[in-house]
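Notes follow once the structure below has been shown.
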Amino acid sequence: MIYKRVAAFYRRVVYCKELTRNMSEVGKYSVFITRSDMPDIGVNLLKKECNVKLWEKPSPVPRAEFLKEVAGTNGIYCALTDKIDKELLDAAGPNLKVVATISVGYDHIDVQECKRRGIKIGYTPDVLTDATAELTLALLLSTSRRLPEAQREARTGGWVSWAPTWMTGPGLAGSTVGIVGFGRIGQAVARRVKAFNTSKILYYNRSEKPEAKETGAVKVSFDELLRDSDFVICCAALVSETKEIFNKSAFDKMKNTAVFINTSRGGTVDQDALIEALKTNNIRAAGLDVTTPEPLPLDSPLFKLKNCVILPHIGSATIEARNTMSELTANNILTALNGKDMPAELK
Ligand SMILES: O=C(O)[C@H](O)CO
């Protein structure tokens, strides 16, 4: 008898706990996160306040699954590998309030369509500027001073003796550096290259940037920049005006000693024209952190060229930047869902 009463008591406790849990979850928003390996810091923030569904793998969610998983969700935490277009927004349905990407670039998001539907967009400007500028310099120096090639030689017996002209490349000191796209990252790159005693920094940008005073960077036309620069660095966001801005005509205008660096988006470059320019030594070398497509297929001619250094889109990949990006992405979602000002809303 007493045993039966104790059992009934425990059943009630369990039932009440279950009820409370369900009630507290009724008011919760749901958020879909497109990868299992997003940095914990942001994921945990979301888990405290929302019902979080995580794609189970550390690889981009396949499109068919993505379309299924977002049905009815209130928020999407995505990356630049996830296309957010009309079809996806339709699949999510009318409850979707916010899309937040763990990137500063947003060319994977149909911004107009989100705006039309009143869906807010969050992104991660500022917090990756230093990381991306550092990587741009690393890639610039690796490409001009031929570091991957030199390391290969050292490891494979090509290092026979010190040699006066072997593995030489152009130095930054005294050179002219041209930066295409003079936003946050372009300016941070300018500050860094200045420390290498460059002679001139040129920039090409839609608008004049007062911040250029700090580095003495001079605004010029695109053609002037191509003509005069020893190093041409692309930091421009991918928008309709910059799509394949680096095409055959642009490479033809560059010095044939020029080194081209791209840490923005592969879509700013006509890649076939770049391959041709590198093969024919129309330019000296290229360093690419971004390509079309990504990942770059192993049989791409770019991998066969000695004068091309390729990185797998790691511009913002410092531990600090990725953690802060994750936190900011979560806060963008939480504030948007709670009707507050987002810390980084794409207006
Ligand atoms: O857009 C961005 O944030 C970078 O390309 C990836 O970190």
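Given the structure is predicted, the values throughout are model-derived calculations rather than measurements. One-based numbering, in listed order, for ligands and for the atoms of each.
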Within the supplied structure, the quantity of interest is the number of heavy atoms (other residues, nucleotides, ligands) at a distance under 6.0 Å from Lys53 NZ; does it exceed 12? yes
Per-atom filter on ligand 1: closer than 4.0 angstrom to a heavy atom of Gly105 are 1 (O), 2 (C), 3 (O)
Checking heavy atoms under 4.0 Å, the part of Leu128 that sits near ligand 1 is side chain
Backbone or side chain, does any N or O of Arg265 fall under 3.5 Å from an N or O of ligand 1? yes
Where is the nearest protein heavy atom to atom 2 (C) of ligand 1: which residue, which atom, and how far? Val104 N, 3.4 Å
Shortest protein contact, atom 7 (O) of ligand 1 (heavy atom only): Ser316 OG, 2.5 Å
For Ser229 and Leu202, the nearest pair of non-hydrogen atoms, with its separation, is OG-CD1, 3.9 Å
Going by distance only, is there an N or O of Thr124 that falls short of 3.5 Å from an N or O of ligand 1? no
Salt-bridge test for Lys83 and Asp85: reply yes if a basic N is under 4.0 Å from a carboxylate O, no otherwise. no
List ligand 1 atoms under 4.0 Å from Ser103, heavy atoms only on the residue side. 1 (O), 2 (C), 3 (O)
Atom 4 (C) of ligand 1 - nearest protein heavy atom and its distance: His313 NE2, 3.7 Å
Exercise answer: donor-acceptor pairs, residues 127-137 side-chain atoms, under 3.5 Å, sequence neighbours excluded:
residue	atom	partner	partner atom	Å
Thr129	OG1	Asp126	O	3.1
Asp130	OD1	Arg192	NH2	3.0
Thr132	OG1	Leu128	O	2.8
Thr136	OG1	Thr132	O	2.7
Thr136	OG1	Thr263	OG1	3.0

Only distances under 3.5 Å count here; give the side-chain donor-acceptor pairs of residues 168-185 to other protein atoms, sequence neighbours excluded, each with its distance to 0.1 Å.
residue	atom	partner	partner atom	Å
Thr168	OG1	Thr165	O	3.1
Ser175	OG	Leu172	O	2.6

Begin with the C-alpha distance, continue with both residues' side-chain angles, and end with the deciding distance and a verdict on salt bridge (charged side-chain N to carboxylate O under 4.0 Å, His left out) for Arg227 and Asp223. CA-CA 6 Å; Arg227 187 193 63 205; Asp223 282 3; over 6 Å; no
